[in-house]
Amino acid sequence: MNDLLPSESARWQFFEAKVRALMARYGFDEIRTPIVEQTALFARSIGEVTDIVEKEMYTFDDRNGDSLTLRPEGTASCVRAAMEHGLLHNQTQRLWYQGPMFRHERPQKGRYRQFHQVGVETYGFDGPDIDAEVILLSARLWQELGLSEHVTLEINSLGSSEARAAYRDTLVAYFEQHRDVLDEDSLRRLTTNPLRILDSKSEAMAKMLDGAPRLMDHLDDASREHFEQLKAMLDAAGIPYVVNPRLVRGLDYYCRTVFEWTTTALGSQGTVCAGGRYDGLVEQLGGKPTPAVGFAMGIERLILLLETLALIPDDALGGCDVYLVPMDAGTTVSALTLAERLRGELPELRLQLHCGGGSFKSRMKKADKSGARYALLLGEDEQQAQEITLKFLRDEREQERLAQAELGATLRQLLATR
RNA sequence: GUGGAUGUAGCUCAGUGGUAGAGCCCCGGAUUGUGGCUCCGGUGGUCGUGGGUUCGAUCCCCAUCAUCCACCCCA
């Protein structure tokens with residue numbers, strides 16, 4: 001688990017602000033659910049035999065003996081909340097969420113036990129238009145962040161839940177026949193995620209895999225048509241993609257459209273955003289059949305990517321505009337009241353008042369370190385004359401003495417021209 | 001869950017079986033009221049934690065925790 005220190009949190013705020021604005025532009029409303037839920041919710045939705053449920057959940061008994069779990073992902077909670085509060089009753093929803101998720105895995109770069117996701121979930125839309133809509137939303141986010149050139153969209157269709165289940169059975173039967181060829185990983189996946197065996201890089205298994213039944217041949221007609229329409233929409237929108245028949249999501253509830261945005265800039269943690277349809281999940285959790293599509297992106301990975309590519313502008317990284325220095329103890333009080341007056345007058349001004357004493361030299365050092373563009377110096381002379389010294393810390397420009405009464409107007413002008 | 005590496009000052013890292021070092025940062029001074037550059041001085045360490053071996057362990061051994069990298073999995 002990681003602490004997020006001030007230098008980092010500025011980057012997060014930059015990212016979060018982009019996301020928040022984008023969601024509003026696409027008509028998505030935020031939902032906030034608890035980070036802890038009944039364990040059964042995740043077991044039933046994600047799948048009993050997935051890695052997440054089998055060995056990665058933070059699960060504990062509460063005082064009543066109920067089994068609770070820190071959420072490993074956001075979709076299940078979102079469905080639960082939407083059902084519980086009637087949001088799915090004869091209506092559609094476009095929701096987004098943001099927050100911490102928990103999985104007990106071995107941490108490494110881009111993978112943490114507490115990590116954060118931004119997710120989008122939609123309910124009640126059956127057609128490929130909403131699939132395209134959420135993919136376009138994510139594509140626009142990359143564009144806004146300057147990431148478009150660094151991520152690739154992969155898409156696939158798993159078919160309807162029924163078709164997918166039937167294909168899975170066919171595939172398992174095929175693999176059972178070739179059990180002697182399967183390596184250790186694949187034998188394990190036979191029960192956990194047989195579709196993923198197709199993705200194996202093992203050369204020994206390559207020939208056997210070539211002969212395996214293909215998912216595309218087992219798609220139901222409706223899913224095939226849905227997928228074709230989605231591709232046409234992405235084409236029309238000018239979004240490049242790669243159809244990856246081996247793209248299989250690890251969570252059981254996915255069906256039909258699945259997609260993934262990946263990057264090669266983050267080592268082995270290349271997936272930066274992933275999602276798809278989960279039309280059967282609401283019903284599975286006790287609601288009425290409701291089509292659904294969503295995705296989640298990993299904030300840590302995206303910020304890591306932004307940092308790696310130096311895509312976070314300096315002026316997004318906090319700091320202040322003005323550093324106000326009382327030159328000695330005798331001017332502290334009037335500096336304090338002056339600071340308050342300016343903050344009241346100029347709400348957009350980021351002004352830091354020097355606190356904590358120290359020599360004048362160290363006060364100036366701190367003014368410099370603060371990143372402020374301007375320093376205001378208040379000494380005995382200035383105080384007596386009701387004036388202030390304005391020093392330009394970043395420009396080749398002589399410092400000026402001006403009346404305190406004019407200060408608000410002067411600073412307003414400086415902020416506007418910056 | 002598997003394999004490997006690393007834990008020494010706030011940070012980046014040297015180092016030795018015998019009382020612990022550098023650079024950066026921070027503080028003070030050179031410069032009575034002017035930051036950045038330079039020079040001088042100073043503060044700062046349960047040597048990850050717990051055991052063991054030893055007269056003596058930061059160093060050797062064992063365990064444990066954390067982090068990093070890869071596998072696996074995934075965001």
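What you see is a predicted model, and the numbers here were worked out from it, not measured in a lab.
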Pair assignment for U31(B), Watson-Crick or G-U wobble, requiring both distances under 3.5 Å: none

C1' atoms of G15(B) and C59(B), separation to the nearest Å: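 Nearest-Å result for G15(B) against C59(B) at atom C1': 10 Å.
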
Crowding at CG, D3(A) (>12 non-hydrogen neighbours, <6.0 Å):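 It does not: D3(A) CG has 12 such atoms or fewer within range.
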
Test item: side-chain donor near acceptor, Y26(A) and R140(A), under 3.5 Å: yes

G51(B) and U19(B), which share atom name C1', separated by this distance in whole Å: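 24 Å, rounded to whole Å.
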
Donor-acceptor pair between E382(A) and T389(A) side chains, under 3.5 angstrom: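 Yes, because at least one side-chain N or O of E382(A) sits under 3.5 Å from a partner of the opposite role on T389(A).
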
Considering all heavy atoms, the nearest Q399(A)-F392(A) contact: CA-CD1, 4.4 Å

Atom CD of E348(A) with >12 non-hydrogen neighbours under 6.0 angstrom: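 Buried by this count: over 12 neighbours within 6.0 Å.
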
Strand partner of A75(B), provided both Watson-Crick or wobble distances fall under 3.5 Å: none

S223(A) side chain vs L219(A) backbone, donor-acceptor pair below 3.5 Å: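 Between the backbone of L219(A) and the side chain of S223(A) there is no qualifying donor-acceptor contact (under 3.5 Å).
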
Atom P, compared across C73(B) and A57(B): separation rounded to whole Å: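 My reading of the P atoms in C73(B) and A57(B) gives 47 Å.
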
Between T69(A) and T59(A): side-chain donor-acceptor atoms closer than 3.5 Å: yes

Inter-nucleotide C1' distance (U54(B), C62(B)), Å rounded: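 So the two C1' atoms sit 16 Å from each other.
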
Nucleic acid contacts of residues 377-387 of chain A, taken as heavy-atom distances under 4.0 Å to RNA chain B: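 Going residue by residue through residues 377-387 of chain A, the ones with a heavy atom under 4.0 Å of RNA chain B turn out to be L377(A), E380(A), D381(A), E382(A).
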
Heavy atoms from other residues, nucleotides or ligands near CZ of R214(A) exceed 12 (cutoff 6.0 Å): no

H354(A) NE2 - G35(B) P separation (whole Å):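 Taking atom P of G35(B) as the reference, NE2 of H354(A) is at 14 Å.
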
RNA chain B-proximal residues of residues 357-367 of chain A, any heavy atom under 4.0 Å: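 Of all residues in residues 357-367 of chain A, the ones placing a heavy atom under 4.0 Å from RNA chain B are G358(A), S359(A), F360(A), K361(A), S362(A), M364(A), K365(A), K366(A).
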
Nucleotides 70-75 of chain B: protein proximity per nucleotide (B base, S sugar-phosphate only, - neither; heavy atom, under 4.0 Å): BBBBBB

For G50(B), the Watson-Crick or wobble partner whose two distances fall under 3.5 Å: C62(B)

Short side-chain to backbone donor-acceptor contact, E30(A) and L95(A), under 3.5 Å: no

Expected output: side-chain R394(A) to main-chain A372(A) donor-acceptor under 3.5 Å: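 Checked: pair present.
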
Spacing of R373(A) atom CZ relative to G36(B) atom P, expressed in whole Å: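 After rounding, the gap between these two atoms is 18 Å.
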
Base partner of C68(B), which must satisfy Watson-Crick or wobble distances under 3.5 Å: G4(B)

C25(B) and G17(B), which share atom name C1', separated by this distance in whole Å: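 The same atom, C1', in both gives a distance of 33 Å.
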
S138(A) and W261(A) side chains, donor-acceptor separation under 3.5 Å: yes

Same-atom distance (C1') from A63(B) to C24(B), integer angstrom: 36 Å

Atom pair distance, as rounded to whole Å: OH in Y374(A) and C1' in U34(B): 18 Å

H226(A)-D131(A) side chain donor-acceptor pair, cut-off 3.5 Å: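 Short answer, yes.
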
Watson-Crick or G-U wobble mate for U12(B), both contacts under 3.5 Å: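 Its partner is A22(B) (Watson-Crick or G-U wobble, both distances under 3.5 Å).
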
Pairing partner (Watson-Crick or G-U wobble, both distances under 3.5 angstrom) of G56(B): none

P gap between C11(B) and U67(B), integer Å: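 Each nucleotide's P atom is 15 Å from the other's.
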
Integer-rounded Å distance: U34(B) P and Y323(A) OH: 17 Å

Whole angstrom value for the distance that separates P of U67(B) from CD of Q114(A): 12 Å

Side-chain donor-acceptor pair present, H116(A), Q98(A), cut-off under 3.5 Å: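 No - no donor-acceptor pair under 3.5 Å links their side chains.
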
Nearest-angstrom distance, C1' atom, G45(B) to A22(B):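 Comparing C1' positions in G45(B) and A22(B) gives a spacing of 14 Å.
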
Nearest-angstrom distance from the residue atom CG of L304(A) to C1' of C68(B): 13 Å

